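Quick caveat: nothing in here was measured; it's all calculated off a predicted structure.
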Amino acid sequence: MSRIVVAIVTFFLYLSVVDAVPIPDDVDIEKRVSHEGRGTWYETGLGNCGWWNNDNDKIVAIAKSRYDAENGSNCGQWMQIVNKANGRSVMAKTVDSCESCGYDDIDMSPAAFNAISSQDVGLLTVDWHFMNKAYHGP
């Protein structure tokens, strides 16, 4: 009986120590914010971030209003995009801005769009979120 009591007390003491361990200052923690918006596709080229891409690259343009609000800081940042109709997802790199997009809308390259739907559809409802800036793609 005393072994069980010792084991239980030891277990709870272990939990109290583990729970009290602080997170080191050099650990980058970002809150994941999901967005729901319209997803469309566009023909690529020179993006607002200053890079040339082609239709085979899995890239994305964010709303110009979001791009400006963030001072272009999302350039090169990856995002996960999910087609709400079928659950298919794709990872795409932010390289451009979209003048006609609403704040939570995105414009995808043909390669990114085709990964989650047919271009014939043209317009999707998507959930998307930026990946941690340390993420460098699939």
Would a hydrophobic clustering, with Ile, Leu, Val, Met, Phe, Trp and Tyr connected at side-chain separations under 4.5 Å, put [X] with [Y]?
X    : Y   : value
W41  : V95 : no
Y67  : I59 : no
W78  : W51 : no
L124 : V82 : no
V121 : V90 : yes

What are the two closest heavy atoms between [X] and [Y], and how far apart are they?
X   : Y    : result
Q80 : S89  : NE2-OG, 3.8 Å
N54 : T44  : C-OG1, 2.9 Å
A63 : G102 : CB-O, 3.1 Å
K64 : S97  : CD-OG, 3.3 Å
R88 : A115 : NH2-O, 3.0 Å
N86 : I116 : ND2-O, 3.0 Å

Please round to the nearest 0.5 Å and tell me the distance separating atom [atom1] of [X] and atom [atom2] of [Y].
X    : Y    : atom1 : atom2 : answer
H136 : Q77  : NE2   : CD    : 11.0 Å
D120 : F113 : CG    : CZ    : 9.0 Å
Y42  : C101 : OH    : SG    : 9.5 Å
M79  : H129 : CE    : NE2   : 9.5 Å
W128 : M108 : CH2   : CE    : 11.5 Å
E70  : C75  : CD    : SG    : 11.0 Å

- Message: Please list all pairs meeting salt bridge (Lys or Arg N to Asp or Glu O under 4.0 Å) that have one or both residues in residues 99-117, counting only residues at least two apart or in different chains.
- Response: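 Salt bridge (Lys or Arg N to Asp or Glu O under 4.0 Å) check on residues 99-117 returns R38-D105, R66-D104.
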- Query: Can you pull the salt bridge (Lys or Arg N to Asp or Glu O under 4.0 Å) pairs that have at least one residue in residues 42-61, sequence neighbours excluded?
  - Reply: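 Of all non-adjacent pairs touching residues 42-61, none passes salt bridge (Lys or Arg N to Asp or Glu O under 4.0 Å).
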- Query: Applying the side chain to side chain contact (heavy atoms under 4.5 Å, CB included) test to I62, which of D96, N74, N48 qualifies?
  - Reply: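 Answer to the side chain to side chain contact (heavy atoms under 4.5 Å, CB included) test with I62 among D96, N74, N48: N74.
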- Query: Is there a side-chain contact (heavy atoms from CB on, under 4.5 Å) between H35 and I106 once you walk through the steps?
  - Reply: CA-CA 10 Å; H35 307 275; I106 56 173; over 6 Å; no
